[in-house]
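Have a look at the structure below before the remarks.
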Amino acid sequence: MTEPIPADTTTPGDPAAATPAGPQRCGLIAIVGKPNVGKSTLLNALVGQKISITSRKAQTTRHRITGIRTVGATQFVFADTPGFQTRHGTALNRSLNKTVLGTVGDVDLVLFVVEAGKFNSADTKVLELLKPGIPIILLANKLDELNRRGDVAPWLGEMGGRHDFAEIVPMSAKNSKDIERLFGICAKYLPEQPWMYAEDELTDRSEKFLASETVREKLFRFTGDELPYTSTVIVEKFEEEPSPKHKRMVRIAATIVVERDSHKAMVIGDKGERLKRIGMESRQELEKLMDCKVFLEIWVKVRSGWADDEARVRSFGYE
């Protein structure tokens with residue numbers, strides 16, 4: 001087993017320096033872990049742009065989100081997965097776990113993300129899902145949240161004895177030097193083969209998908225723990241329209257789906273103020289993301305029990 005990489009070892013300079021010029025390399029890299037270990041934050045940092053939503057609420061990511069970054073001669077194709085759910089056996093959670101299992105079986109490398117200094121039964125269950133024969137890098141994330149980094153050394157040794165990880169990398173997804181270093185670490189595990197995407201592509205997801213995810217992120221951000229995670233967002237309309245004032249204009253109609261009337265009232269807020277704020281911040285972020293003028297309308301509907309209805313889960317776009 002490879003020895004843990006010291007926390008203060010960094011690759012200076014631009015991430016392109018991590019990949020020498022030469023034959024093209026390209027490979028699929030799965031980002032896996034239990035909920036709330038920082039997988040989506042990591043993906044956004046690796047891609048260099050926000051393509052996966054983040055919040056403190058568990059199970060924020062519900063789909064396989066592909067992020068693409070081309071560095072030098074190497075193209076990294078990252079797949080952010082939902083946090084593997086070990087409780088609440090609803091149709092929605094079964095769908096999310098199926099997404100995780102479908103991703104990890106067909107990749108060149110796995111980034112197994114845990115919180116530095118912590119490893120519990122939920123982490124163990126994720127590790128048990130990973131197939132033999134695919135190299136696994138243990139990413140000890142959130143190193144910046146530890147009071148004393150030196151205290152993590154015994155834990156790193158314990159992790160080395162738990163599984164034959166290809167490498168153990170203590171890091172913080174918020175530290176740009178750690179992200180640069182990670183490109184160099186991952187590159188050597190990817191095969192020599194042509195790139196799958198154009199050099200400037202960042203994701204394979206559509207703008208319509210990114211619109212629904214953006215609204216869902218703001219929904220969770222402004223409702224906190226009050227709203228059950230089963231709430232979702234469906235984009236009913238996504239249309240480009242000609243505009244004499246703007247080089248590009250998009251009109252979006254989205255529906256927030258909740259399970260109870262009390263949840264609907266919570267989302268709308270006093271005199272509609274919370275829903276207005278969700279809409280305003282979603283629109284502003286989408287205009288920046290898509291570089292266009294956005295008109296956004298949002299409604300709230302009640303669909304009781306949808307998360308445990310297989311047919312409705314599929315109709316709402318979950319695999």
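What you are looking at is a predicted structure, and each value in this text was computed from that prediction instead of being measured. Quick note: residue numbers are just sequence positions, from 1.
Expressed to the nearest 0.5 Å, how far CG of Leu182 lies from CZ of Phe76 amounts to 8.5 Å. Distance CD1/Ile168 to CZ/Arg162: 11.0 Å, rounded to 0.5 Å. The OG1 atom of Thr41 sits 11.0 Å away from the CG atom of Leu46 when rounded to the nearest 0.5 Å. In this structure, CD on Glu285 lies 7.0 Å from CG on Leu289, to the nearest 0.5 angstrom. Summarising the geometry, atom CG belonging to Leu219 is positioned 12.0 Å from atom OG belonging to Ser212; distances are rounded to the nearest 0.5 Å.
None of Glu199, Gln24, Glu201, Gln75 except one satisfies the side-chain hydrogen bond (donor to acceptor under 3.5 Å, both in side chains) rule with Thr70; the exception is Gln75.
Ile179 places a side-chain heavy atom less than 4.5 Å from the side chain of Met171. Within the 4.5 Å cutoff, the side chain of Thr232 has heavy atoms near those of the Arg216 side chain. Counting heavy atoms from C-beta on, the side chains of Leu127 and Thr124 never come closer than 4.5 Å. Contact annotation: the side chain of Thr203 never approaches that of Phe209 to less than 4.5 Å [non-hydrogen atoms, C-beta and beyond]. Residues Lys118 and Lys142 fail the side-chain proximity criterion, which asks for heavy atoms closer than 4.5 Å. When side chains are defined from C-beta on, Leu202 does not count as touching Tyr197, because their heavy atoms never get closer than 4.5 Å. Looking only at side-chain heavy atoms (C-beta outward), Leu28 and Met196 come within less than 4.5 Å of each other. The side-chain heavy atoms of Asp144 and Asn175, taken from C-beta on, include no pair separated by under 4.5 Å.
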**Candidate pair Met266 and Val258, rule side-chain contact (heavy atoms from CB on, under 4.5 Å), full reasoning** = CA-CA 10 Å; Met266 187 189 307; Val258 297; over 6 Å; no
**Item:** Audit row: Cys186, Leu111, side-chain contact (heavy atoms from CB on, under 4.5 Å) steps and yes/no
**Value:** CA-CA 9 Å; Cys186 292; Leu111 299 182; 3.9 Å; yes
**Item:** Verdict with reasoning, Ile256 to Val233, per side-chain contact (heavy atoms from CB on, under 4.5 Å)
**Value:** CA-CA 4 Å; Ile256 294 173; Val233 175; 4.1 Å; yes
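For Arg277, the CZ atom sits in a loose shell: 12 or fewer heavy atoms of surrounding residues, nucleotides or ligands are nearer than 6.0 Å. Counting non-hydrogen atoms of other residues, nucleotides and ligands closer than 6.0 Å to NZ of Lys188 gives a total above 12.
In plain terms, the two heavy atoms of Leu143 and Ala116 that are nearest each other are CD1-CB, 4.1 Å. Across all non-hydrogen atoms, the minimal contact from Trp155 to Ala140 is CZ3-CB, 3.6 Å. Shown here for Ala30 and Val107, the closest heavy-atom pair between the two residues is CB-CG1, 3.9 Å. Of all the heavy atoms in Lys218 and Ser282, the pair that sits closest is CG-OG, 3.2 Å. Of all non-hydrogen atoms in Asn36 and Lys39, the two that sit nearest each other are N-NZ, 4.4 Å. Considering all non-hydrogen atoms of both residues, Leu190 and Ile29 come closest at CD2-CG1, 3.9 Å.
Evaluation of the side-chain contact (heavy atoms from CB on, under 4.5 Å) rule for Glu273 yields Lys276 as partners, not counting sequence neighbours. For Asp123, the side-chain contact (heavy atoms from CB on, under 4.5 Å) partners two or more places apart in sequence, or in a different chain, are Lys34, Phe112, Val114, Phe119, Asn120. Under the side-chain contact (heavy atoms from CB on, under 4.5 Å) criterion, Met280 pairs with Arg283, Gln284, not counting sequence neighbours.
For residues 292-302, no residue pair satisfies the side-chain hydrogen bond (donor to acceptor under 3.5 Å, both in side chains) rule, not counting sequence neighbours.
Clustering ILVMFWY residues whenever any of their side-chain heavy atoms sit less than 4.5 angstrom apart, transitively, puts Val302 in the very cluster that holds Phe220.
Ion pairing between Lys264 and Asp261 fails under the 4.0 Å rule for side-chain N and carboxylate O. Comment: Glu281 does not engage Arg221 in a salt bridge, judged by the lack of any side-chain N to carboxylate O separation of less than 4.0 angstrom. With respect to the salt-bridge test (charged N to carboxylate O, under 4.0 angstrom), the residues Glu180 and Lys177 do not qualify.
Ring-plane geometry between Phe165 and His163 is classed as tilted, the angle between the planes lying from 30 to 60 degrees on a 0 to 90 degree scale.
Between the side chain of Arg303 and the backbone N or O of Val257 there is no donor-acceptor pair closer than 3.5 Å. Looking only at distances, a side-chain donor or acceptor of Asn141 sits under 3.5 Å from a matching main-chain atom of Ala173. A donor-acceptor contact shorter than 3.5 Å is absent between the side chain of Arg274 and the backbone of Thr223. For Asp108 (side chain) and Pro191 (main-chain N/O), no donor-acceptor pair under 3.5 Å exists by modelled atom type.
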Sequence neighbours left out, cut at 3.5 Å: what donor-acceptor pairs do the side chains of residues 246-253 make with other protein atoms?
from: Lys247; atom 1: NZ; to: Asp291; atom 2: OD2; distance (Å): 3.1
from: Arg248; atom 1: NE; to: Glu240; atom 2: OE1; distance (Å): 3.3
from: Arg248; atom 1: NE; to: Glu240; atom 2: OE2; distance (Å): 3.1
from: Arg248; atom 1: NH1; to: Glu207; atom 2: OE2; distance (Å): 3.1
from: Arg248; atom 1: NH1; to: Met290; atom 2: O; distance (Å): 3.4
from: Arg248; atom 1: NH2; to: Glu207; atom 2: OE1; distance (Å): 2.5
from: Arg248; atom 1: NH2; to: Glu240; atom 2: OE2; distance (Å): 3.0
from: Arg251; atom 1: NE; to: Glu241; atom 2: OE1; distance (Å): 3.3
from: Arg251; atom 1: NE; to: Glu241; atom 2: OE2; distance (Å): 2.9
from: Arg251; atom 1: NH2; to: Glu241; atom 2: OE1; distance (Å): 3.4

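Between the side chains of Thr255 and Glu236, at least one donor N or O lies within less than 3.5 Å of an accepting N or O.
In the hydrophobic clustering (ILVMFWY side chains linked at under 4.5 Å, chained through shared members), Trp195 stands by itself.
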